[in-house]
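Following: one structure in structure tokens, then a few remarks.
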Amino acid sequence: MAIEPELLYRQLGRLIETMPDLTKSPVDNDTHLWLARGYSLVKETGNIADAALYSVKVNSIGTSFGANSAHEIKAIIYRAFAVAEMKAPAGARGAFIPVGNNFDAFSAISKVLQSSKIDVLIIDPYMDESTLTDFALAAPEKVNIRLLADMSDFKPSLEPAGKKWLQQYGSLRPLSIRLAAKKTLHDRAIFIDHTKVWTLTQSLKDFAKRSPAEIVRADDSAELKIRAYEDIWAVANEMILAP
């Protein structure tokens, strides 16, 4: 039975996320298993030629032709991913952001923030100024921006950035920042209008810069997450931003 388009898209995304060093020799068992999964998923896209080429190139991994084969395998996997993304439902596309693609990271997160009408709550234990400088402006004017970070893990640059934001935008772009008790934040997430939840696989300051990243809408657990993090927000320490 064929894999559903959205599932195939996500599985290929995670395959890219876990891609080993294909030039390393000898080839270990984990790499063999990854390569086998790759073949299975490439075959699922229906591209018989790429599946056949993939099979040939796998046989060269670990040999003197390994570097070229690794390049070809990577190219085939990314082609399969692109095909799967086009076939996936519109709402699922863009959930996976390849490594180092800063513009796609900005575009995907901005699309989430632009959908807000009332309130945005961004949760990131390791938050720094980039949440404001790189992303928060994508939210519409008058939308309440709330940032929740870990009291012991947030970066010092967050506070001066918050003060400058408030000085520049005031009530046009309302902002509040709170710090949760140590190690009480277990997610990196964006909550939209108290109803929708998007989880992030990395902190915004590092998003898709050094390794692949995903934005995933948490439909099944949204209500529970909203309730839990609103409770944490209610008792978190407020960062004083006004002069």
Side-chain angles (χ1 to χ4, degrees), residues 1-24 27 30-62 65-115 134-135 138 188-190 192 196-204 206-220:
M1 183 179 294
I3 299 176
E4 292 182 0
E6 182 174 354
L7 181 59
L8 179 59
Y9 166 56
R10 294 195 182 281
Q11 288 190 358
L12 279 162
R14 290 194 171 90
L15 188 76
I16 293 172
E17 189 174 10
T18 58
M19 186 178 295
D21 181 358
L22 298 176
T23 63
K24 190 168 66 174
V27 180
D30 287 342
T31 301
H32 278 301
L33 182 58
W34 186 93
L35 288 166
R37 287 172 178 160
Y39 174 75
S40 177
L41 293 174
V42 169
K43 191 175 178 181
E44 282 290 333
T45 66
N47 189 326
I48 299 173
D50 263 0
L53 179 60
Y54 185 100
S55 183
V56 171
K57 294 301 178 181
V58 163
N59 292 330
S60 300
I61 291 293
F65 302 100
N68 179 68
S69 295
H71 175 79
E72 291 283 355
I73 288 170
K74 184 175 181 179
I76 291 169
I77 292 292
Y78 271 90
R79 281 200 297 273
F81 173 76
V83 170
E85 184 175 33
M86 290 299 295
K87 293 181 179 179
R93 296 174 197 167
F96 179 83
I97 300 173
V99 58
N101 199 330
N102 294 334
F103 182 75
D104 278 353
F106 171 79
S107 298
I109 294 172
S110 293
K111 184 178 179 181
V112 172
L113 295 176
Q114 286 166 3
S115 69
D134 294 354
F135 299 106
R188 289 167 290 267
I190 300 174
I192 301 294
K196 299 175 184 176
V197 179
W198 296 81
T199 60
L200 314 176
T201 56
Q202 298 172 10
S203 290
L204 286 175
D206 302 318
F207 207 73
K209 291 180 181 177
R210 292 191 294 271
S211 61
E214 278 188 303
I215 303 174
V216 180
R217 184 166 169 174
D219 291 324
D220 295 338

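Applying the side chain to side chain donor-acceptor pair (under 3.5 Å) criterion to Gln202, with sequence neighbours excluded, gives Ser211. Qualifying side-chain contact (heavy atoms from CB on, under 4.5 Å) partners for Ser40, counting only residues two or more places apart in sequence or in other chains: none. Taking the salt bridge (Lys or Arg N to Asp or Glu O under 4.0 Å) definition, one finds that Asp50 meets it with Arg79, sequence neighbours left out. Residues that satisfy the salt bridge (Lys or Arg N to Asp or Glu O under 4.0 Å) test with Arg188, not counting sequence neighbours, are absent from this structure. Under the salt bridge (Lys or Arg N to Asp or Glu O under 4.0 Å) criterion, Glu6 pairs with Arg10, not counting sequence neighbours. Legend: residues meeting side chain to side chain donor-acceptor pair (under 3.5 Å) with Arg37, ordered by chain and number and at least two apart, are absent. Scanning for ring-ring contact (aromatic ring centres under 6.0 Å, His included) contacts around Tyr54 gives an empty result, with sequence neighbours left out. With sequence neighbours left out, the side chain to side chain donor-acceptor pair (under 3.5 Å) criterion links Thr23 to Asp21. When the side chain to side chain donor-acceptor pair (under 3.5 Å) test is applied to Thr31, the partners found at least two apart in sequence or on another chain are Asp28.
For Thr45 (side chain) and Val42 (main-chain N/O), a donor-acceptor pair under 3.5 Å exists by modelled atom type.
When every heavy atom of Glu44 is checked against every heavy atom of Ile3, the shortest pair comes out as OE1-N, 3.3 Å. Gly38 and Leu15 make their closest contact through CA-CD2, 3.5 Å (heavy atoms, listed as atom of the first residue, atom of the second, distance). The heavy-atom pair separating Ser115 from Ile192 by the smallest distance is OG-CG2, 3.9 Å. Scanning both residues, Ala208 and Ala213, for their nearest heavy atoms gives N-CB, 3.9 Å. Between Met19 and Tyr78 the shortest heavy-atom distance is CE-CE1, 4.4 Å. Nearest heavy atom pair, residue Ile61 against residue Ala70, reads CD1-N, 3.8 Å.
Between Asp30 atom CG and Leu35 atom CG the span is 11.0 Å, to the nearest 0.5 Å. Between the CD1 atom of Ile76 and the CG atom of Leu41 there is a distance of 13.5 Å, given to the nearest 0.5 Å. The CD1 atom of Ile190 sits 8.0 Å away from atom CZ of Phe135, with the distance rounded to the nearest 0.5 Å. Of the inter-residue distances, the one linking Thr199 atom OG1 with Arg217 atom CZ reads 11.5 Å to the nearest 0.5 angstrom.
Contact check for Ile16 versus Phe81: side-chain heavy atoms found under the 4.5 Å cut-off. In this structure, Glu17 and Arg14 have side chains that are in contact, with non-hydrogen atoms separated by less than 4.5 Å.
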Solution key, residues 86-97 side-chain donor-acceptor pairs under 3.5 Å, sequence neighbours excluded:
unit_1: Arg93; atom_1: NE; unit_2: Glu85; atom_2: O; d: 3.3
unit_1: Arg93; atom_1: NE; unit_2: Ala88; atom_2: O; d: 3.0
unit_1: Arg93; atom_1: NH2; unit_2: Met86; atom_2: O; d: 3.1
unit_1: Arg93; atom_1: NH2; unit_2: Ala88; atom_2: O; d: 3.2

Side-chain donor-acceptor pairs of residues 102-111 under 3.5 Å, sequence neighbours excluded:
unit_1: Asp104; atom_1: OD2; unit_2: Asn101; atom_2: ND2; d: 2.8
unit_1: Ser107; atom_1: OG; unit_2: Phe103; atom_2: O; d: 3.0
unit_1: Ser110; atom_1: OG; unit_2: Phe106; atom_2: O; d: 2.7

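Annotation: Gln114, atom CD; neighbour count of heavy atoms from other residues, nucleotides and ligands within 6.0 Å is above 12.
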Exercise. Output, in order, the C-alpha distance, side-chain angles, deciding distance and verdict of side-chain contact (heavy atoms from CB on, under 4.5 Å) for Leu200 and Phe207.
Key: CA-CA 9 Å; Leu200 314 176; Phe207 207 73; 3.8 Å; yes

